[in-house]
Structures are given as structure tokens and as C-alpha cells.
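Keep in mind it's a predicted model, so treat the numbers as computed, not measured. So that the names make sense, note that chain A is the first sequence line, chain B the second, and so on, each numbered from 1.
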2 protein chains.
Amino acid sequence: MGHKDADVCEIYYVNEAHVRNARQALSPEREILSLAETFRTLGDPTRVRILQALSVEELCVCDLSKLLGISESGTSHQLRVLRSQKLVRYRKEGKMAFYSLDDAHIDSLMNEALRHVREGADQARERAERIHERAGQ
Amino acid sequence: MGHKDADVCEIYYVNEAHVRNARQALSPEREILSLAETFRTLGDPTRVRILQALSVEELCVCDLSKLLGISESGTSHQLRVLRSQKLVRYRKEGKMAFYSLDDAHIDSLMNEALRHVREGADQARERAERIHERAGQ
DNA sequence: CTCTTTGCTGCACATCTGTTCATACGTTAA
DNA sequence: TTAACGTATGAACAGATGTGCAGCAAAGAG
């Protein structure tokens with residue numbers, strides 16, 4: 001079960017130095033929490049769909065609900081979560097509430113993540129192709 | 001409770017068009033799911049700390065465990081999650097396993113998100129905490 | 001060989017999440 | 001005023017999530 005206090009890992013000063021270096025690289029606690037909460041908010045397929053949809057044009061709860069295929073209540077709940085992280089903002093016009101992306105970073109974030117995801121998919125496809133080549137011989 | 005089939009929202013052709021436009025903007029389903037899963041993986045304070053630490057230099061499970069203040073088992077669990085999303089990779093040297101960031105997008109992703117957070121998500125976090133407090137009671 | 005060390009994994013459990021249903025709020029029209 | 005509509009909120013529940021514990025495998029030390 002790992003190790004106790006006076007241990008090999010702690011004796012080597014280089015590792016201690018590594019830990020200290022890494023610790024200095026960490027953002028302040030509240031930034032870490034904010035970061036994680038922002039990512040967690042993005043970490044839901046429904047909310048990803050909402051943000052991709054809003055990257056084109058503003059939409060009302062009603063339209064989003066149809067697009068997503070979930071209830072308007074559920075849509076409203078998700079929009080509140082996105083609002084709480086300042087990922088979307090809304091504009092009221094009469095009874096309607098039109099939602100849009102809150103700031104420009106969000107689109108770049110999504111695109112950067114999309115690039116990462118696609119890179120993984122590409123690597124997987126290349127691996128699969130190599131396997132098929134070998135299998136074909 | 002919203003509205004039924006033949007409804008105002010559907011009668012105005014513009015809204016129908018909006019829904020169609022937005023739907024076309026959506027990534028394929030598998031990409032949406034991959035995106036969400038990647039973000040969800042990033043959406044945990046412990047894993048954010050791991051990635052920030054690894055952005056400086058590679059570290060072993062032992063060092064990370066000390067840095068994070070959690071058990072080595074827990075650290076290993078989290079690293080497995082990060083590996084499954086190709087966010088970190090590892091190199092074995094004897095008994096030790098040295099982990100590092102897997103690709104360059106990850107650092108940009110984190111920095112972009114950090115910029116968003118610093119722009120004023122602190123107030124948002126407080127609001128979210130209030131919501132969670134109320135939800136927890 | 002046996003013992004230690006380092007990391008990985010299955011299991012369990014408390015907590016959290018996303019959704020729907022029912023209901024309340026604010027706006028517009030009659 | 002009353003009624004209808006678009007949206008927001010509260011309650012509740014199935015399902016998922018993060019972490020520690022115990023056990024195991026691999027590699028080196030003795």
C-alpha cells in the first residue's frame with residue numbers, strides 16, 4: 001500500500017525538487033476550482049450541443065428544446081448551469097428569452113478541444129489502418 | 001408546461017429555419033460525445049492539478065501523490081482516466097512510471113480556459129455554490 | 001528464493017448529475 | 001380582471017462519479 005513517512009521517494013532530493021517545482025506551477029486554489037467547474041460544465045453532451053448551436057446564432061429556450069429533443073424545463077435547467085459559468089448570456093424580449101454565447105473564448109475552447117479529439121481519432125484510424133494492412137498480407 | 005404540436009413556435013418559419021441551421025452546425029454525434037467526455041475528464045480539480053503539474057515536467061505517481069495530498073491508489077485511478085482520454089502518456093523506467101502531457105493542445109486548452117476564468121468567472125463560481133448549497137438541502 | 005517498493009485494479013459507498021413532472025413567475029392579449 | 005404562453009424553479013429518482021481500502025503484479029534489493 002504505497003509507503004510511509006521516511007521513504008525512498010522523499011530521500012532523493014531531486015524528487016523533492018520536482019514536487020516543489022510542480023507545486024509552484026499550480027494556479028491558486030480558487031482558480032483551479034473555477035477551471036474544473038468550467039470544464040465540468042462543458043462536460044455534458046447536451047450542453048456541448050447547446051454551445052455549438054449558439055455559436056451560429058442566438059436561440060430561444062423553445063427552439064433549443066426542439067433541437068435537443070428534451071423538455072423545455074430540462075433545457076432551462078441546463079441554460080442556468082451554463083449561465084452560472086458565464087458561458088451563455090440571455091436577452092429577454094417580451095416572453096421570450098434569447099440565449100447566445102457569452103464571450104469569444106468559448107468558441108476557441110471548443111475548437112481547440114475538437115482538434116484534440118480529432119487528432120486522437122486520426123491516430124486511432126491510422127492504427128486501425130496499419131492493423132488492416134498487416135492483416136491483409 | 002410549454003406547448004404541443006401545432007404551435008406558435010412552429011408556425012413562424014424563421015424559428016424552424018433557426019432550428020435547422022443550428023442542427024447543421026452540430027458535430028457528428030460521436031464527436032459531441034468525445035468532446036463532452038474530454039471536458040468532463042478535465043472537470044475535476046485533482047485532474048486539473050495533475051495536468052498543470054505535468055505541464056512543467058514529467059512526474060511519477062509517487063511524486064504526484066505527494067503533490068496532490070491523496071493516496072497513490074487514487075492518483076493512479078485519476079491517471080488512468082486521463083490516459084483513457086489521451087491527455088497524458090507514460091514511460092516506464094524500472095518500477096517507476098513517469099507521466100507527461102500527451103499532446104500540445106492540452107496546454108493551449110488549459111490556458112484558454114484560464115483566460116475565460118480570469119475574465120470574471122469568480123462571481124459565477126460563487127453563484128453556482130449558492131445554487132449547489134440550496135440543491136443539497 | 002523472500003522482502004520491499006511502486007503502481008494498477010476491483011469493489012464498495014457516499015455524493016453528485018441530468019432528466020422529468022408539477023408548479024410558480026412574468027408577460028401579453030382579450 | 002382572466003387566460004394563455006414562454007420560461008424558471010423545486011422535488012425526486014435512476015444512474016454516474018471520485019475516492020479509499022484491500023489485494024495483486026512487476027521489478028529490484030538482499
Whole-Å distance separating the [atom1] atom of [X] from the [atom2] atom of [N]:
X       : N      : atom1 : atom2 : answer
B:Met96 : D:dA26 : CE    : P     : 19 Å
A:Leu59 : D:dG6  : CG    : C1'   : 15 Å
A:Leu68 : D:dT7  : CG    : P     : 13 Å
B:Phe39 : C:dG18 : CZ    : P     : 15 Å
A:Gln78 : C:dC16 : CD    : P     : 18 Å
B:Glu37 : D:dA16 : CD    : C1'   : 12 Å
B:Asp44 : D:dA16 : CG    : P     : 18 Å
B:Gln85 : D:dG18 : CD    : P     : 11 Å

- Message: Need one value for B:Thr75: base, sugar-phosphate or nothing, where a base atom within 4.0 Å counts as base even if backbone is also close, heavy atoms only.
- Response: nothing
- Query: Please, which pairs that meet ring pair (Phe, Tyr, Trp, His ring centres under 6.0 Å) have at least one residue in residues 49-76 of chain B, sequence neighbours excluded?
  - Reply: none
- Query: Which residue pairs pass the ring pair (Phe, Tyr, Trp, His ring centres under 6.0 Å) test with at least one member in residues 50-91 of chain B, sequence neighbours excluded?
  - Reply: B:Tyr90-B:Tyr99
- Does a side-chain N or O from A:Tyr90 land closer than 4.0 Å to OP1 or OP2 of D:dG6, or not? no
- A:Tyr99 side-chain N/O to D:dG6 phosphate OP1/OP2 under 4.0 Å: no
- Query: Hey, which of these two, B:Lys92 or A:Thr41, hits DNA chain C nearer its 5' end, going by closest nucleotide?
  - Reply: B:Lys92
- Results of side-chain hydrogen bond (donor to acceptor under 3.5 Å, both in side chains) for A:Asp102 - residues two or more places apart only: none
- Query: Does some side-chain heavy atom of B:Val48 sit less than 4.5 Å from a side-chain heavy atom of B:Met110?
  - Reply: yes
- Note on the structure: Out of D:dT7, C:dT6, C:dT19, minimum distance to the side chain of A:Val61 belongs to D:dT7
- B:Ile70 side-chain proximity, nearest of C:dT19, D:dG20, D:dG6: D:dG20
- Message: Using a strict threshold of under 4.0 Å (side-chain N to carboxylate O), is an ion pair present between A:Glu37 and A:Arg30?
- Response: no
- Flag the pair B:Glu58 and B:Arg89 as a salt bridge only when some basic side-chain nitrogen lies within less than 4.0 angstrom of an acidic carboxylate oxygen. no
Protein-nucleotides 27-30 of chain D N/O pairs under 3.5 Å:
none

- Shortest non-hydrogen pair, A:Ile70 vs A:Ser65, comes out as O-OG, 2.8 Å
- Which residues satisfy the side-chain contact (heavy atoms from CB on, under 4.5 Å) test with B:Asn21, sequence neighbours excluded? A:Glu57
- Verify, without hydrogens or angle tests, whether B:Arg47 (side chain) and B:Thr41 (backbone) share a donor-acceptor contact under 3.5 angstrom. yes
What protein N or O atoms touch nucleotides 9-14 of chain C N or O atoms at under 3.5 angstrom, if any, and at what distances?
| residue | atom | partner | partner atom | Å |
| --- | --- | --- | --- | --- |
| C:dT9 | O4 | B:Ser73 | OG | 2.8 |
| C:dG10 | O6 | B:His77 | NE2 | 2.8 |

